[in-house]
Student: 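Here you go, one structure.
These numbers come from a predicted model, not from an experiment.
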Amino acid sequence: MNLVNTSMPRKLIFRYLPFLIFVCIALILPLLLPPFRLNLLGRFLSLGIVALGIDLIWGYTGLLSLGQGIFFALGGYALGMHLQLQNLAPGELPEFFGLYGVKTMPAFWQPFNSGIFTFFAIWIIPALVAGILGFLVFRNRIKGVYFSILTQAALLVFYNFFNGQQRLINGTNGLKTDTARFLGELVGSDGMQRNLYLLTVLVLFLAWLLCKWLIRGRFGDALIALRDDEQRLRFTGYNPTAYKTLVFVIAGALAGISGALYTVQSGIVSPQFMAVPFSIEMVIWVAVGGRGTLVGAILGALLINFAKSLISEQLPETWLFIQGALFLLVVTALPDGLVGWWRNGGPNHLLAMLGRAPKAATYPSLDLDPELKS
């Protein structure tokens, strides 16, 4: 019994050790990085949250969504509208309304005066939109490439709609957040950005725990069954529509939270969050990091965006070619991504290709037996 009791904590420690190390490093970095680099890291960590949602619906459920930018932008706009209304005098309107002759506050702006309403709107509004879209799609048993095309078509509809709303949400110009004040401090100040970075680390950790909890047990088994053999799952009495809609709702809520955190760290929210290339990039992050691994989604978001930032600073015209090459590399040589490659013994295969023989597995008791050595 003692052996069982002592082995369980060890298993838990080793299972969560990589992420705990990551959290510790993330908490130390504010002391080491300059404000600009820390702000970039905060943005990329917030993108890891939307990547987790994509991994849930694509890596575990087999639904390739090319429209997560919808929910990402909705979360950003919800927080952006709230910040636009902060510190305004009674009856005063945000500055851009005056440019288009708007004299009274639109009705749908009014609730965003409340911080409590905004807190819930950041993730509930994207979740509701995802639920409605998901139910209509999955009820009609649309899947595969047709589902991907439909989500991208929905993305284009939202993009064009938000682009054309100059009078209501400032259209293509978007809503600035870095000049707004929150709790008496400028959102774009170094102190506030450091606090937002720490908040992002905490939310990312909680989102990872949520996804980890979801994929364990019957719910996770049902998602994998949906991915591998939906018809068999249906014949066993499960309702695939309900499971697909629910996981799509969760991914939409995660995207909304990610968009809100990204908005306050990038300083603006605009319809460009709904641009097609951005949603495709999200899929590439997960593919490079490793589908169906969760930690691979976060790793992919960090690596790809840091590479994009560093390369664009030196050779701005080459990034698109590098991004295309990365996607080809994953499709042809690393179908399981970097994390999958590592877990499947990739380093040993690489050493074998370089001429080093892989280490043979043996029983430790045989290695330590003095009689066999003599």
Student: Could you grab the distance from atom CD of Gln68 to atom CD of Gln152, nearest 0.5 Å is fine?
Tutor: 12.5 Å
Student: Is Tyr60 reaching over with its side chain to a backbone N or O of Asp221, donor-acceptor style, under 3.5 angstrom?
Tutor: no
Student: Given Leu66, which partner from the list Val276, Leu155, Thr151 fulfils the side chain to side chain contact (heavy atoms under 4.5 Å, CB included) test?
Tutor: Thr151
Student: Give the minimum heavy-atom separation between Leu29 and Leu41, together with the two atoms involved.
Tutor: CD1-CD2, 3.3 Å
Student: Output the distance between atom CD (Gln193) and atom CG (Leu186), rounded to the nearest 0.5 Å.
Tutor: 10.5 Å
Student: For a quick test of your reading: what N or O donor-acceptor pairs under 3.5 Å do the side chains of residues 122-149 make, sequence neighbours left out?
Tutor:
residue: Trp123; atom: NE1; partner: Phe119; partner atom: O; Å: 3.3
residue: Asn140; atom: ND2; partner: Leu136; partner atom: O; Å: 2.6
residue: Ser148; atom: OG; partner: Leu64; partner atom: O; Å: 2.7

Student: If you measure from the Lys or Arg side-chain nitrogens to the Asp or Glu carboxylate oxygens, is any gap between Arg234 and Glu230 under 4.0 Å?
Tutor: yes
Student: Walk me through whether Met282 and Val50 qualify under side chain to side chain contact (heavy atoms under 4.5 Å, CB included).
Tutor: CA-CA 8 Å; Met282 296 177 183; Val50 67; 3.9 Å; yes
Student: Kindly work out whether a path of hydrophobic side-chain contacts (I/L/V/M/F/W/Y, heavy atoms less than 4.5 Å apart) joins Leu38 to Phe36.
Tutor: yes
Student: Would you mind reporting whether Phe248 and Ser65 have side-chain heavy atoms less than 4.5 Å apart?
Tutor: yes
Student: With a 4.5 Å limit on heavy-atom distance, are the side chains of Ile49 and Leu261 in contact?
Tutor: yes
Student: Using only atom types and a distance under 3.5 Å, with no angle test, would you say the side chain of Trp109 pairs donor to acceptor with the backbone of Leu168?
Tutor: yes
Student: So Leu226 and Lys244, side chain to side chain contact (heavy atoms under 4.5 Å, CB included) or not? Walk me through it.
Tutor: CA-CA 8 Å; Leu226 278 170; Lys244 287 182 178 181; 4.0 Å; yes
Student: Let me check something: do Leu31 and Leu196 share a hydrophobic cluster, defined by ILVMFWY side-chain heavy atoms less than 4.5 Å apart, either directly or through other members?
Tutor: no
Student: First locate atom CG of Leu45, then atom CD1 of Ile298, and finally report the distance between them rounded to the nearest 0.5 Å.
Tutor: 8.5 Å
Student: Go through it in stages, so that I can follow the logic: the residues are Val187 and Arg181, the test is side chain to side chain contact (heavy atoms under 4.5 Å, CB included), and I'd like the CA-CA distance, side-chain angles, deciding distance and then a yes or no.
Tutor: CA-CA 6 Å; Val187 173; Arg181 286 190 173 273; over 6 Å; no
Student: Please answer: with hydrophobic residues joined when any side-chain heavy atoms are less than 4.5 Å apart, are Leu47 and Leu310 in the same cluster?
Tutor: no
Student: Does any non-hydrogen side-chain atom of Phe112 lie less than 4.5 Å from one of Gln84?
Tutor: no
Student: Taking C-beta and beyond as the side chain, do Phe97 and Met105 meet within less than 4.5 Å on heavy atoms?
Tutor: yes
Student: Going through the checks in order, is the side chain to side chain contact (heavy atoms under 4.5 Å, CB included) test met by Leu88 and Leu93?
Tutor: CA-CA 7 Å; Leu88 292 179; Leu93 299 178; 5.9 Å; no
Student: Can you see which heavy atom on Asn113 is nearest to which on His82, and at what distance?
Tutor: O-CE1, 3.8 Å
Student: Please determine whether the number of non-hydrogen atoms from other residues, nucleotides or ligands lying under 6.0 Å from atom CD of Glu95 exceeds 12.
Tutor: no
Student: Work out which heavy atom in Asn39 is nearest to a heavy atom in Gln265; give both atom names and the distance.
Tutor: ND2-O, 2.8 Å
Student: For a 4.5 angstrom cut-off between non-hydrogen side-chain atoms, does Ile268 reach Asp178?
Tutor: no
Student: Please, which pairs that meet ring-ring contact (aromatic ring centres under 6.0 Å, His included) have at least one residue in residues 253-308, sequence neighbours excluded?
Tutor: Phe44-Phe306, Phe72-Tyr262, Phe72-Phe273, Phe72-Phe278, Tyr262-Phe273
Student: If you draw a 6.0 Å radius around CZ in Phe321, do more than 12 non-hydrogen atoms from other residues or ligands fall strictly inside?
Tutor: no
Student: If you take all heavy atoms of Cys211 and Leu254, which pair is closest and at what distance?
Tutor: SG-CD1, 3.9 Å
Student: Do you know the tightest heavy-atom contact between Ala255 and Phe71?
Tutor: CB-CB, 3.7 Å
Student: Which value, rounded to the nearest 0.5 Å, describes the distance between Tyr159 atom OH and Phe162 atom CZ?
Tutor: 13.0 Å
Student: Can you get from Leu210 to Val249 by hopping between Ile, Leu, Val, Met, Phe, Trp and Tyr side chains that sit under 4.5 Å apart?
Tutor: no
Student: So do the side chains of Thr172 and Ser270 get within less than 4.5 Å of each other, counting heavy atoms only?
Tutor: no
Student: To the nearest 0.5 Å, what is the distance between OG1 (Thr118) and CD (Gln86)?
Tutor: 8.0 Å
Student: Quick one: does Thr236's side chain have a donor or acceptor within less than 3.5 Å of a partner on Leu233's backbone?
Tutor: yes
Student: Given side chains that start at C-beta, do those of Thr61 and Arg227 come closer than 4.5 Å, heavy atoms only?
Tutor: no
Student: Taking the side chain as every heavy atom from C-beta outward, state whether Ser46 and Thr263 have any atom pair closer than 4.5 Å.
Tutor: no
Student: Could you pull out all donor-acceptor pairs under 3.5 Å where a side-chain atom in residues 51-58 meets a protein atom, sequence neighbours excluded?
Tutor:
residue: Asp55; atom: OD1; partner: Gly292; partner atom: N; Å: 2.7
residue: Asp55; atom: OD2; partner: Thr293; partner atom: N; Å: 3.3
residue: Asp55; atom: OD2; partner: Leu294; partner atom: N; Å: 2.7

Student: Should Leu329 and Leu320 be regarded as members of a common hydrophobic cluster, given that ILVMFWY residues are connected when their side-chain heavy atoms come within less than 4.5 Å of each other, either directly or indirectly?
Tutor: no
Student: Can you tell me how far the CG atom of Leu302 sits from the CG atom of Leu204, to the nearest 0.5 Å?
Tutor: 8.0 Å
Student: Over all heavy atoms of both residues, which pair between Phe96 and Asn170 is shortest? Give the atoms and the distance, please.
Tutor: CE1-N, 3.4 Å
